[in-house]
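One structure is given here, and the rest of the page talks about it.
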Amino acid sequence: MKNRIIFLLFLLLHFYNANGFWEKVTNMPSLYQTSYWLDVYFLESNPQYGWSCGYEGKVIRTTDGGDSWLGTQIVTANQLESIHFVSSTHGYCSGEGKIYKSTDGGATWRDISP
């Protein structure tokens, strides 16, 4: 019985701590608040820089660890499924057979599809 109580306490503490790390992002521009996001990437060398991409060619970015967000839209893209940055300025996103590149931190994108 004692082992069961300890196990239940462990589970309760685990679930309580696991839920404490997630919070709803509400500080992004209104055009982007109801979007569906398919990938998120934070720069390993500087986790203050992060990006997310999703439906309607939308990409959002932060330079302050998520305290504020800016958005952009690649009008020729419908669904962006993957995003990766090699530095705070140079990154790539892709979806539906297209590849896009940014050299200004995700503010603008150009199609580099083969």
Side-chain angles (χ1 to χ4, degrees):
M1 181 69 173
K2 182 179 176 183
N3 287 341
R4 286 186 183 177
I5 292 173
I6 291 172
F7 179 72
L8 287 173
L9 286 173
F10 172 77
L11 281 178
L12 287 173
L13 287 173
H14 173 74
F15 286 118
Y16 176 76
N17 286 335
N19 290 331
F21 290 106
W22 293 96
E23 65 182 70
K24 185 176 181 175
V25 176
T26 58
N27 58 341
M28 64 179 66
S30 60
L31 177 65
Y32 301 90
Q33 287 181 1
T34 59
S35 298
Y36 290 96
W37 305 103
L38 300 177
D39 195 18
V40 64
Y41 182 81
F42 278 81
L43 201 57
E44 188 174 340
S45 62
N46 187 350
Q48 294 296 304
Y49 287 84
W51 300 264
S52 186
C53 65
Y55 289 155
E56 299 174 334
K58 292 180 180 174
V59 178
I60 55 171
R61 65 190 184 283
T62 182
T63 59
D64 56 15
D67 288 335
S68 64
W69 294 88
L70 295 171
T72 191
Q73 190 170 12
I74 303 171
V75 295
T76 58
N78 183 36
Q79 181 173 317
L80 298 170
E81 301 168 355
S82 179
I83 193 161
H84 181 83
F85 272 73
V86 296
S87 71
S88 61
T89 56
H90 289 78
Y92 302 87
C93 65
S94 62
E96 297 184 320
K98 297 278 190 171
I99 302 170
Y100 302 91
K101 180 179 181 179
S102 177
T103 57
D104 58 8
T108 61
W109 297 86
R110 65 182 172 96
D111 188 342
I112 60 165
S113 303

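All residue numbers in this chain count up from 1 along the given sequence. We use all heavy atoms of the structure for the numbers below, so side chains are in, but hydrogens, waters and symmetry mates are not.
Through side-chain heavy atoms spaced under 4.5 Å, either directly or across other Ile, Leu, Val, Met, Phe, Trp or Tyr residues, Y36 is tied to L38, Y55.
Within the structure, side-chain hydrogen bond (donor to acceptor under 3.5 Å, both in side chains) contacts touching residues 42-54 (residues at least two apart or in different chains) do not occur. Residue pairs meeting the ring pair (Phe, Tyr, Trp, His ring centres under 6.0 Å) criterion with at least one member in residues 58-81: none, sequence neighbours excluded. Within the structure, salt bridge (charged side-chain N to carboxylate O under 4.0 Å, His left out) pairs that include any residue of residues 61-76 do not occur (at least two apart or interchain).
With a 4.5 Å cut-off on side-chain heavy atoms, S102 and Y100 do not count as touching.
Residues V59 and Y32 fall into different hydrophobic clusters, defined by Ile, Leu, Val, Met, Phe, Trp and Tyr side chains chained together at heavy-atom separations under 4.5 Å. Taking hydrophobic clusters as Ile, Leu, Val, Met, Phe, Trp and Tyr residues chained together by side-chain heavy-atom distances below 4.5 Å, F42 does not share a cluster with I83. Put simply, V25 and W37 are part of the same group of oily side chains (I, L, V, M, F, W, Y) that touch within less than 4.5 Å, one to the next. Tracing side-chain contacts under 4.5 Å through hydrophobic residues (I, L, V, M, F, W, Y), one never reaches L43 starting from V40; they form parts of separate clusters.
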With a 3.5 Å cut-off and sequence neighbours excluded, list the donor-acceptor pairs that the side chains of residues 74-82 form with protein atoms.
from	atom 1	to	atom 2	distance (Å)
Q79	NE2	E81	OE2	2.8

Counting only pairs under 3.5 Å, give me each side-chain donor-acceptor contact of residues 107-114, with atom names and distances, residues two or more places apart or in other chains.
from	atom 1	to	atom 2	distance (Å)
T108	OG1	D104	OD1	3.4
T108	OG1	D104	OD2	2.5
W109	NE1	G106	O	3.1
D111	OD1	S113	N	2.7
D111	OD1	S113	OG	2.6
D111	OD2	K98	NZ	3.4
S113	OG	I99	N	2.9

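For T103, there are no side-chain hydrogen bond (donor to acceptor under 3.5 Å, both in side chains) partners, not counting sequence neighbours. For H84, the ring pair (Phe, Tyr, Trp, His ring centres under 6.0 Å) test picks out Y41, with sequence neighbours left out. Residues that satisfy the side-chain hydrogen bond (donor to acceptor under 3.5 Å, both in side chains) test with E56, not counting sequence neighbours, are K58. Every side-chain hydrogen bond (donor to acceptor under 3.5 Å, both in side chains) that T89 has, sequence neighbours left out, goes to S87.
Between atom CG of residue N27 and atom CD of residue Q33 there is a gap of 8.5 Å, rounded to the nearest 0.5 Å. Between the CD1 atom of I60 and the OG1 atom of T72 there is a distance of 11.5 Å, given to the nearest 0.5 Å.
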